K.L.:
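The structure follows.
Side-chain atoms are counted along with the backbone in the values below, which use heavy atoms only and exclude waters and symmetry mates. This structure is a prediction, so every number in the text was calculated from the model and none was measured. We number each residue from 1, following the sequence as shown.
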Amino acid sequence: MKILTVYFSRKGNNYCNGRVCFLERGNTDIASEAVQHAAGGDRFEIVPDKTYPSNYYACTVEAQAELRLSRKVPVKAYKDDLETYDLVFIGYPNWWGTFPMAVRTFLAHYDWTGKTVAPFCTNEGSGLGRSERDLAKVCAGARLLPGLAIHGAEVQDKEAEIAAWARRCVNETEEP
C-alpha cells in the first residue's frame with residue numbers, strides 16, 4: 001500500500017491559547033510529520049502561489065473573504081503521481097470552519113475515485129468544523145475515514161495520539 005501525507009501549514013503569527021504568538025513551524029507541519037512517521041510513506045506540502053499577510057488578523061480577514069467568495073487560491077505545485085497512492089492523509093488548519101482554499105484548489109485537481117482519505121486538522125477550539133463534509137464533496141469517490149482534530153497549541157505534546165490515529169487509518173485501509 002502506498003501512503004501520502006499532504007498538508008498545508010502556516011508558520012509565523014498564529015492564534016495560540018487566546019493570543020497571537022509566533023511559530024517557527026506551523027502546527028499542521030508538525031502534525032503531518034507525526035502522521036508520516038507513524039504511517040510511513042511520502043509527505044508533500046501544499047504551498048499557495050501567494051503570500052498571506054504576516055499579521056494574523058489581516059490573514060484571517062483574507063482567508064474569510066476567499067472562503068465567502070469561493071475564490072480559487074492557486075498553488076505552486078501538484079503531486080504528479082497522486083494516482084499511485086492508496087491512502088492519502090490530508091492535513092490543514094481549520095480556517096473559518098473548514099480547510100483553506102489553497103487546500104481546496106489542490107484537492108479539486110485530482111480524481112479521488114477509489115482512494116482512501118484521512119483528514120486531520122489543527123485548530124484552537126473549533127475541531128474539524130464542517131471540513132469532513134466539505135472533503136466528501138471535493139474528494140468525491142473517495143472513502144473518507146474519521147478525521148482527527150488536534151489543538152494546535154498542544155500539537156507537540158500529541159505525537160502519541162496522532163501516531164495511534166494514523167496507524168488505525170492504515171489498518172482500516174489494509175483490511176479487506
K.L.:
Can you find a pair of side-chain heavy atoms, one from N55 and one from N13, that are under 4.5 Å apart?
P.N.:
no
K.L.:
Using every non-hydrogen atom in the two residues, find where K72 and P74 come nearest and quote the distance to one decimal.
P.N.:
O-CD, 3.4 Å
K.L.:
Count I, L, V, M, F, W, Y as connected when their side-chain heavy atoms are under 4.5 Å apart, and connections chain through other members. Are I162 and F44 then in the same cluster?
P.N.:
no
K.L.:
Taking W96 for the side chain and V61 for the main chain, is one N or O donor matched with an acceptor at less than 3.5 Å?
P.N.:
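Here the side-chain-to-backbone pair does not exist.
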K.L.:
Pair up each side-chain donor or acceptor in residues 137-161 with any protein partner under 3.5 Å, not counting sequence neighbours, and list the distances.
P.N.:
from	atom 1	to	atom 2	distance (Å)
R143	NH1	E172	O	3.2
H151	NE2	N17	OD1	3.4
H151	NE2	E124	OE1	3.0

K.L.:
Side chains of L67 and M101, heavy atoms from C-beta outward: is any pair under 4.5 Å?
P.N.:
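Heavy-atom side-chain distance check passes, below 4.5 Å.
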K.L.:
For the CG atom of N123 and the CG atom of N27, what is their distance to the nearest 0.5 Å?
P.N.:
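If we round to the nearest 0.5 Å, N123:CG and N27:CG are 9.5 Å apart.
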K.L.:
side-chain contact (heavy atoms from CB on, under 4.5 Å) with S131: which of T98, V103, N94, I90?
P.N.:
T98
K.L.:
For Y57 and V20, what are the C-alpha separation, side-chain angles and deciding distance, and is it a side-chain contact (heavy atoms from CB on, under 4.5 Å)?
P.N.:
CA-CA 9 Å; Y57 296 105; V20 175; 3.5 Å; yes
K.L.:
Are any of the side-chain heavy atoms of R167 and W165 separated by less than 4.5 Å?
P.N.:
no
K.L.:
Decide yes or no for M1 and E174: does some side-chain heavy atom of the first lie under 4.5 Å from some side-chain heavy atom of the second?
P.N.:
yes
K.L.:
Atom CZ in F99, atom OG1 in T105: separation rounded to 0.5 Å?
P.N.:
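Here the interatomic distance stands at 10.0 Å.
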K.L.:
If hydrophobic clusters are built by linking Ile, Leu, Val, Met, Phe, Trp and Tyr wherever their side-chain heavy atoms come under 4.5 Å apart, do Y110 and L135 end up in the same one?
P.N.:
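Yes, it is one cluster - the side chains of Y110 and L135 are joined through contacts under 4.5 Å.
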K.L.:
For C121 and G127, which heavy atoms make the closest approach, and how far apart are they?
P.N.:
SG-O, 3.2 Å
K.L.:
Can you give me the closest heavy-atom contact between A166 and A38, atom names plus distance?
P.N.:
CB-CB, 4.0 Å
K.L.:
Would you list the pairs meeting ring-ring contact (aromatic ring centres under 6.0 Å, His included) in which at least one residue belongs to residues 58-87, sequence neighbours left out?
P.N.:
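Matches after skipping sequence neighbours: Y78-F106, Y78-H109.
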K.L.:
Are V117 and L4 connected in the hydrophobic side-chain network, where two residues link if heavy atoms are under 4.5 Å apart?
P.N.:
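Looking at the clustering, L4 is in the same group as V117.
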K.L.:
Without hydrogens or angle criteria, can the side chains of T28 and Y92 be said to hold a donor-acceptor pair below 3.5 Å?
P.N.:
no
K.L.:
Does S32 reach the side chain of I30, with side-chain heavy atoms less than 4.5 Å apart?
P.N.:
no
K.L.:
Is any side-chain heavy atom of W112 less than 4.5 Å from a side-chain heavy atom of L82?
P.N.:
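In short, these two side chains touch, coming nearer than 4.5 Å.
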K.L.:
Mind checking the CD-NZ spacing from E45 to K76? Nearest 0.5 Å is all I need.
P.N.:
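If I round to the nearest 0.5 Å, the distance is 10.0 Å.
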K.L.:
Return yes if some donor-acceptor pair links the side-chain N/O of S126 with the main-chain N/O of G97 below 3.5 Å, else return no.
P.N.:
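Answer holds: no.
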K.L.:
Return the minimal non-hydrogen interatomic distance between K115 and E83, and the atom names on each side.
P.N.:
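In terms of heavy atoms, the two residues are closest at NZ-O, 2.7 Å.
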K.L.:
Can you confirm whether the side chains of K2 and T84 place a donor and an acceptor under 3.5 Å from each other?
P.N.:
yes
K.L.:
Please report the shortest heavy-atom distance between G41 and Q36, naming the atom on each side.
P.N.:
O-NE2, 3.0 Å
K.L.:
Using a 6.0 Å cut-off, check whether atom CG of D80 has over 12 heavy atoms from anything other than its own residue.
P.N.:
no
K.L.:
Applying salt bridge (charged side-chain N to carboxylate O under 4.0 Å, His left out) as the test, list every pair that has at least one member in residues 50-65; sequence neighbours left out.
P.N.:
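Qualifying pairs, neighbours excluded: K50-E62, K50-E66.
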K.L.:
How far does OH of Y15 sit from CG of L23, to the nearest 0.5 angstrom?
P.N.:
13.5 Å
K.L.:
So E33 and T5, do their side chains get closer than 4.5 Å, heavy atoms only?
P.N.:
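Heavy-atom side-chain distance check fails, nothing below 4.5 Å.
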K.L.:
Is any side-chain heavy atom of I3 less than 4.5 Å from a side-chain heavy atom of F89?
P.N.:
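Contact flag for I3/F89 side chains = yes.
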K.L.:
Indicate, with yes or no, if V6 and V35 share a hydrophobic cluster defined by side-chain heavy-atom contacts under 4.5 Å among Ile, Leu, Val, Met, Phe, Trp and Tyr.
P.N.:
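In one cluster: no.
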K.L.:
Hey, can you tell me if F8 and W95 have their rings parallel, tilted or perpendicular (30° and 60° cut-offs)?
P.N.:
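If you compare the ring of F8 with that of W95, the planes turn out perpendicular.
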K.L.:
Ignoring hydrogens, what is the shortest heavy-atom contact between R71 and L69? Give both atom names and the distance.
P.N.:
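Nearest heavy atoms, R71 then L69: NH2-CD1, 2.8 Å.
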K.L.:
Using 0.5 Å steps for rounding, measure from the OH atom of Y7 to the CG atom of D29.
P.N.:
4.0 Å
K.L.:
With the 4.5 Å side-chain cut-off for hydrophobic clustering, are V88 and V170 part of the same group?
P.N.:
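No; tracing contacts between hydrophobic side chains, which count when under 4.5 Å, never links both residues.
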